[in-house]
Trainee: 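Provided herewith is a single structure, encoded as structure tokens, for subsequent inquiry.
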2 protein chains.
Amino acid sequence: MTRPFAPAIDLLRRAGLRPTRQRVALARLLFDGTDRHVAADALHAAAVAAGVRVSLATVYNALHQFTAAGLLREVVVDPGRSYFDTNTVDHHHFYVEDDGTLADIPAEDVTLGAIPPPPAGTELRRVDVVIRVGRRRGRGRARKN
Amino acid sequence: MTRPFAPAIDLLRRAGLRPTRQRVALARLLFDGTDRHVAADALHAAAVAAGVRVSLATVYNALHQFTAAGLLREVVVDPGRSYFDTNTVDHHHFYVEDDGTLADIPAEDVTLGAIPPPPAGTELRRVDVVIRVGRRRGRGRARKN
DNA sequence: GTGTTTGCAAAGTGTTTGCAATTTA
DNA sequence: TAAATTGCAAACACTTTGCAAACAC
């Protein structure tokens, strides 16, 4: 019944974030050992479902703070929706366009050769490989315009 | 003074789209031979600046119709803003995070080895490689929380 | 003519902000 | 107690929609 709070609290402390009730609750939902891809909305729903009183605005704040602290990584695959990944190790993604689902791909499963040099005055931040897939399509019928 | 309209009209016709005044005007702005990365907003502004009477809603419609017709490709690099690329040939991107700028990278400049098989029931749609770069940072000072 | 496309303004998304009330250390 | 954090609701940026008027063929 009582999952330990200590690990989440430590995690936050180590990240330099105050372990407030809502941050601890969110951290416990997020960092349970499995790799998750969450949208603010879904996390908020999960928190509420778990009986945690937290506002959506606080969830957004927490997600950004966690990201800034290196506990999460933001994944951009869909304009108009942000996903946060609990896997902060270098890796890539499958994105199932039809249902907005993400799946990790270990970095070593994608061979990425030499990368062209960044434009002048800029430095490399990250390389994101997104493999977009979709439910297999019938042999699509013609459409007019 | 009079840039030819015929090419744009043909382009639209071939794509199965009615060459209406606004679609022709937008096509002429977009397909001038160079590779462009536009957001709806910017294209609308450009059209208005060029003296074309067109509403933002129509620009959105046109961009999606052009994309569906294969004349454009949507590039997702920023949650909350859609970019459309006039280069529909297979290629990748640099994304300068600090100023929201995109630059093309020819497909052959990125070596992509074997790709893991798509999740069950799905088929490959596209592989996007986004190399995120940023203005070179000073040696960032400490921040607290 | 007839069906398509447009413009407008309103409605939607998803996200951020301002600020008083609350909580943490 | 002082400073950080929260919740709420309002403000946001961007995108989509509904429908009458305008347009293409």
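By convention in this document, chain letters (A, B, ...) are assigned in the order of the sequence lines, proteins followed by strands, and residues within each chain are numbered from 1.
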Trainee: Is the phosphate of D/dT6, meaning OP1 or OP2, less than 4.0 Å from a side-chain N or O of A/T58?
Mentor: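 A/T58 to D/dT6 OP1/OP2: no side-chain N or O under 4.0 Å.
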
Trainee: To the nearest Å, how far apart are B/Q65 CD and D/dT16 P?
Mentor: 12 Å

Trainee: Just N and O in the side chain of A/Q22: are any of them under 4.0 Å from OP1 or OP2 of D/dG7?
Mentor: yes

Trainee: Check the distance between C/dT15's P and A/D41's CG and give it to me in whole angstrom.
Mentor: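 Distance check: A/D41 CG to C/dT15 P gives 8 Å.
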
Trainee: If you assign B/G80 and A/V54 each to the DNA chain D nucleotide with the nearest heavy atom, which residue ends up on the more 5' nucleotide?
Mentor: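 Counting from the 5' end, the first nearest nucleotide belongs to A/V54.
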
Trainee: Is any side-chain N or O of B/R18 under 3.5 Å from a base N or O of C/dT5, one able to act as donor and the other as acceptor?
Mentor: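 When only heavy-atom distances are counted, B/R18 does not reach the base of C/dT5 through any donor-acceptor pair under 3.5 Å.
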
Trainee: Could you tell me whether the phosphate oxygens of C/dG14, OP1 or OP2, come under 4.0 Å of any side-chain nitrogen or oxygen in B/R81?
Mentor: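 So the side chain of B/R81 is outside the cut-off, no N or O lying under 4.0 Å from OP1 or OP2 of C/dG14.
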
Trainee: Is A/S82 close enough to C/dG14 that one of its side-chain N or O atoms is under 4.0 Å from OP1 or OP2 there?
Mentor: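 Looking at the OP1 and OP2 atoms of C/dG14, neither is under 4.0 Å from any side-chain N or O of A/S82.
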
Trainee: Classify B/H44 by what it touches in the nucleic acid, base, sugar-phosphate, or nothing, heavy-atom distance under 4.0 Å.
Mentor: nothing

Trainee: Could you give the CG-to-P distance, from A/L12 to C/dA25, as a whole number of Å?
Mentor: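 The answer, rounded to whole Å, is 10 Å.
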
Trainee: Please work out whether the ring planes of B/H37 and B/H93 are parallel, tilted or perpendicular, with thresholds of 30° and 60°.
Mentor: perpendicular

Trainee: Taking NZ, NE, NH1 and NH2 as the nitrogens, is one of them in A/D128 or A/R73 under 4.0 Å from a carboxylate oxygen of the other?
Mentor: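 Counted as a salt bridge, because a side-chain N and a carboxylate O are separated by less than 4.0 Å.
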
Trainee: Check the distance between C/dT24's P and A/R21's CZ and give it to me in whole angstrom.
Mentor: 6 Å

Trainee: Classify the angle between the aromatic ring planes of A/H64 and A/Y60 as parallel (below 30°), tilted (30 to 60°) or perpendicular (above 60°).
Mentor: tilted

Trainee: What is the distance, rounded to the nearest whole Å, between atom CG of B/N61 and atom P of D/dG18?
Mentor: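 Whole-Å distance recorded here is 12 Å.
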
Trainee: Atom NE2 of B/H64 and atom P of C/dT4: how far apart are they, to the nearest Å?
Mentor: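 Checked: the NE2 to P distance equals 21 Å.
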
Trainee: Give a yes/no on whether any side-chain N or O of A/R53 is located under 4.0 angstrom from OP1 or OP2 of D/dT6.
Mentor: no

Trainee: For A/L17 and C/dA25, what is the distance between atoms CG and C1' respectively, to the nearest whole Å?
Mentor: 15 Å

Trainee: In whole angstroms, how far is the P atom of C/dT15 from the CG atom of B/D78?
Mentor: 12 Å

Trainee: Taking only Lys NZ, Arg NE, NH1 and NH2, and the carboxylate oxygens of Asp or Glu, determine whether A/R81 and A/D41 approach each other closer than 4.0 Å.
Mentor: no

Trainee: Quick check: closest heavy atoms across A/P116 and B/D109, and the distance to 0.1 Å?
Mentor: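 For A/P116 and B/D109, the tightest heavy-atom pair comes out as CD-O, 3.5 Å.
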
Trainee: Once you apply the 3.5 Å cut-off to both distances, tell me the Watson-Crick or G-U wobble partner of D/dA20, or none.
Mentor: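 For D/dA20, the partner nucleotide comes out as C/dT6, under the 3.5 Å rule.
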
Trainee: Under 4.0 Å from OP1 or OP2 of D/dT6: is there any side-chain N or O of A/T20 that close?
Mentor: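 The answer is yes; a side-chain N or O of A/T20 sits under 4.0 Å from OP1 or OP2.
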
Trainee: Let me know, please, whether A/A57 or B/P19 comes out on the 5' side of the other along DNA chain D by nearest nucleotide.
Mentor: A/A57

